Chemist: 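This structure is in structure tokens; I'll ask about it shortly.
Predicted, not measured: the structure shown is a model, and the values here were computed from it. Numbers restart at 1 for each chain; the letters A, B, ... are given by sequence-line order, proteins then strands.
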2 protein chains.
Amino acid sequence: MSREMLTQTGEYALRALVYMARKGNGAYCGVKEIAQETGVPANYLAKILQQLARAKVLESQKGFGGGFKVARRLDKVTLFDIIDPLERIEKFKQCVLGQRLCNDAVACPLHHTWKAISGQYLGSLRSTTLQDIADFRSVADRIEHPEDAAQAP
Amino acid sequence: MSREMLTQTGEYALRALVYMARKGNGAYCGVKEIAQETGVPANYLAKILQQLARAKVLESQKGFGGGFKVARRLDKVTLFDIIDPLERIEKFKQCVLGQRLCNDAVACPLHHTWKAISGQYLGSLRSTTLQDIADFRSVADRIEHPEDAAQAP
DNA sequence: AACCAATCGGACAATTTTATCTTATTGTAT
DNA sequence: ATACAATAAGATAAAATTGTCCGATTGGTT
């Protein structure tokens, strides 16, 4: 059993959702458009987005003008919400050395190290929202468009 | 391209090396013995240990009484040394969102989050040695054998 | 009502990872 | 020298992951 931080599938999902979040308007996004813009294989992306729709992270709409859109407010969707339905994140809770018994009291030699690492990983996933990402401007961006940065609250 | 913290292969390697480190004596360990004790498939383990021997982390000895042993002092072998030959760890340096350009100045929305996460991961791998692990006693151990713990320096 | 765009879902194909098996070779001990 | 224990190495198989294709279905538009 492997401990992926991010499978290919998870990365594709992030790319797509980040694209959708940054696009901003509440309209449905077609799979083709997202695939085009993010470089993700369209058919595979469709499957991934369908899974996220089943997990209530996205809403899908069939028919003309249909597609996918984020189902909740952007600040209510964490990276964890996106990745969890696609990968078995519980795998991080299992003992790295495969010991049957491994917890804070009876620990394998790597238990604490591993707990710290995976804790930070999962913590970051849970505390970062699509809103954070949509708002993000890189240093270069801020230099080019200084008026957009550091606005009053 | 997926970002594994630890593939099955990597986990097997850790289990085996931790077993060897904790066994302690400088003798060669047979693959069968290690496989038995760690629950790793013997033939597959052989392949993994051979890779680590090629990477100079282990030494192998053929013939009667042969097997594998750690090639350096335990405090000179980090977890990174063990995992690096088996997985492509550079994958952590690549942009999570697949952007061609992504660095501290021109960053993708996840660059900093990801850099922190992977930084802690790689840091832990580089700073934890087999010696640390061989020395490790769990809380329960220390209660059972208090004389072994907290000895004078 | 008929049409059309787009998802849905299942089947299938390719690739990568993991695992096994078999044979050859090496090196030590008797 | 011979036997034996154990690695080395290559071929192959199984499983999981990733990717493709296609027909069915849905739902809005004209």
Side-chain angles (χ1 to χ4, degrees), chain A residues 1-16 20 27-71 83 85-89 91 98, chain B residues 1-16 20 27-71 83 85-89 91 98:
Chain A
M1 156 250 337
S2 67
R3 289 170 190 73
E4 296 273 355
M5 301 187 90
L6 211 50
T7 59
Q8 186 63 272
T9 302
E11 178 184 322
Y12 286 166
L14 281 188
R15 284 202 221 171
M20 292 165 81
Y28 288 101
C29 269
V31 170
K32 261 181 204 158
E33 172 194 343
I34 304 174
Q36 201 91 58
E37 295 296 322
T38 58
V40 176
N43 289 305
Y44 194 52
L45 178 59
K47 288 212 170 311
I48 296 169
L49 298 185
Q50 282 159 24
Q51 288 185 69
L52 289 177
R54 264 176 251 131
K56 310 287 185 194
V57 173
L58 298 178
E59 281 171 14
S60 70
Q61 177 64 49
K62 294 182 178 180
F64 186 91
F68 292 93
K69 72 175 178 185
V70 181
I83 293 174
L86 303 171
E87 322 186 354
R88 307 165 315 254
I89 280 203
K91 68 198 166 196
Chain B
M1 156 249 339
S2 68
R3 289 168 190 75
E4 296 272 355
M5 300 186 90
L6 212 49
T7 59
Q8 187 63 273
T9 301
E11 179 184 321
Y12 286 166
L14 281 189
R15 284 203 221 171
M20 293 165 80
Y28 289 102
C29 270
V31 169
K32 262 181 205 158
E33 171 194 344
I34 304 173
Q36 201 90 60
E37 295 296 322
T38 58
V40 176
N43 289 304
Y44 194 52
L45 178 59
K47 286 213 171 309
I48 296 170
L49 298 185
Q50 282 159 25
Q51 287 186 70
L52 289 177
R54 263 176 252 131
K56 309 287 185 197
V57 174
L58 298 180
E59 282 171 14
S60 70
Q61 178 62 52
K62 295 182 181 182
F64 186 90
F68 292 93
K69 71 175 181 187
V70 181
I83 293 175
L86 303 171
E87 322 188 355
R88 305 165 318 251
I89 280 204
K91 66 199 166 195

Chemist: Output the distance between atom CE (Met20(A)) and atom CG (Leu49(A)), rounded to the nearest 0.5 Å.
Modeler: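 Answer for the CE-CG pair, Met20(A) versus Leu49(A), is 6.5 Å.
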Chemist: dC21(D) P sits how many Å from Gln50(A) CD, rounded?
Modeler: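 In whole Å, dC21(D) P lies 16 Å from Gln50(A) CD.
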Chemist: Is a side-chain donor or acceptor of Glu87(A) paired with a backbone partner of Thr7(A) at a separation under 3.5 angstrom?
Modeler: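 Checking the backbone N and O of Thr7(A) against the side chain of Glu87(A), a donor-acceptor pair under 3.5 Å is found.
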Chemist: When you get a sec, tell me which of dT7(D), dA9(D), dT20(C) is the closest nucleotide to the side chain of Arg54(B)?
Modeler: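 When the side chain of Arg54(B) is considered, dA9(D) is the closest of dT7(D), dA9(D), dT20(C).
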Chemist: Shortest non-hydrogen contact from Val70(A) to Leu58(A)?
Modeler: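 In terms of heavy atoms, the two residues are closest at CA-CD2, 3.8 Å.
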Chemist: Given atom OH of Tyr12(B) and atom C1' of dT17(C), what is their separation to the nearest angstrom?
Modeler: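 Taking OH of Tyr12(B) and C1' of dT17(C), I get 11 Å after rounding.
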Chemist: Could you state the atom-to-atom distance from NZ of Lys32(B) to P of dC21(C) in whole Å?
Modeler: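 Interatomic distance, NZ of Lys32(B) to P of dC21(C): 13 Å.
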Chemist: Protein within reach of the bases, or only the backbone? For nucleotides 11-16 of chain D, mark each nucleotide 5' to 3' as B, S or -, using heavy atoms under 4.0 Å.
Modeler: B-----
Chemist: In B/S/- notation, 5' to 3', how is nucleotides 22-30 of chain C contacted by protein heavy atoms closer than 4.0 Å?
Modeler: ----BBSS-
Chemist: Quick one: Phe68(B) CZ to dA5(D) C1', roughly how many Å, whole number?
Modeler: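 So the two atoms are 14 Å apart, to the nearest Å.
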Chemist: Taking CD from Gln51(A) and C1' from dT7(C), how many angstroms apart are they, rounded to a whole number?
Modeler: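 So the CD-C1' distance, Gln51(A) to dT7(C), works out to 15 Å.
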Chemist: Round to a whole Å and report the spacing from NZ of Lys69(A) to C1' of dA6(C).
Modeler: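 So the NZ-C1' distance, Lys69(A) to dA6(C), works out to 16 Å.
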Chemist: For Tyr28(A), which contact category applies under a 4.0 Å heavy-atom criterion: base, sugar-phosphate, or nothing?
Modeler: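 Nothing, no nucleic acid heavy atom in range.
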Chemist: Taking side-chain contact (heavy atoms from CB on, under 4.5 Å) as the criterion, tell me which of Leu52(A), Leu6(A), Leu14(A) meets it with Leu86(A).
Modeler: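 Between Leu86(A) and the candidates, side-chain contact (heavy atoms from CB on, under 4.5 Å) is satisfied uniquely by Leu52(A).
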Chemist: Kindly say if Thr7(A) contacts the phosphate of dT17(D), meaning a side-chain N or O under 4.0 Å from OP1 or OP2.
Modeler: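 Checking Thr7(A) against dT17(D): no side-chain N or O falls below 4.0 Å of OP1 or OP2.
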Chemist: Taking Arg15(B) as the fixed residue, which of Thr38(B), Ile48(B), Ile34(B) is the one that meets the side-chain contact (heavy atoms from CB on, under 4.5 Å) rule?
Modeler: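 The residue from Thr38(B), Ile48(B), Ile34(B) that satisfies side-chain contact (heavy atoms from CB on, under 4.5 Å) with Arg15(B) turns out to be Thr38(B).
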Chemist: Please test Gln36(A) against Glu33(A) for side chain to side chain contact (heavy atoms under 4.5 Å, CB included), starting from the C-alpha separation and ending with a verdict.
Modeler: CA-CA 5 Å; Gln36(A) 201 91 58; Glu33(A) 172 194 343; 5.6 Å; no
Chemist: Locate the shortest heavy-atom distance separating Phe68(B) from Ala53(B); write the atom from each residue and the value.
Modeler: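 Where Phe68(B) meets Ala53(B) most closely, the heavy atoms are CE2-CB, 4.1 Å.
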Chemist: With a cut-off of less than 4.0 Å, is there a side-chain N or O of Thr9(B) near OP1 or OP2 of dT18(C)?
Modeler: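 Affirmative; the distance criterion is met.
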Chemist: Select from Tyr44(A) and Leu49(B) the residue whose nearest nucleotide in DNA chain D is closer to the 5' end of that strand.
Modeler: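 On the 5' side of the pair lies Leu49(B).
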Chemist: dT20(C) C1' sits how many Å from Ile48(B) CD1, rounded?
Modeler: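 Rounding to the nearest Å, CD1 of Ile48(B) and C1' of dT20(C) are 13 Å apart.
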Chemist: Provide the closest heavy-atom pair for Glu59(A) versus Tyr28(A) in the form atom of the first, atom of the second, distance.
Modeler: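 Looking at all heavy atoms of both residues, the shortest contact is O-CE2, 3.8 Å.
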Chemist: Find the bend of the helix from dA1(C)-dT30(D) to dT30(C)-dA1(D) as the angle between its two terminal axes (five pairs each), to the nearest 10°.
Modeler: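 Here the helix ends are tilted 0° relative to one another.
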Chemist: Using distance alone, with no hydrogens and no angle criterion, decide if Tyr44(B) and Thr9(B) have a side-chain donor and acceptor under 3.5 Å apart.
Modeler: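 Yes.
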Chemist: If you look at every heavy atom in Leu45(A) and Ala35(A), which pair is closest and at what distance?
Modeler: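 Result for this residue pair: CD2-N, 3.7 Å.
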Chemist: If I take atom CD in residue Gln8(B) and atom P in nucleotide dT17(D), what distance separates them, rounded to the nearest angstrom?
Modeler: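 So the two atoms are 11 Å apart, to the nearest Å.
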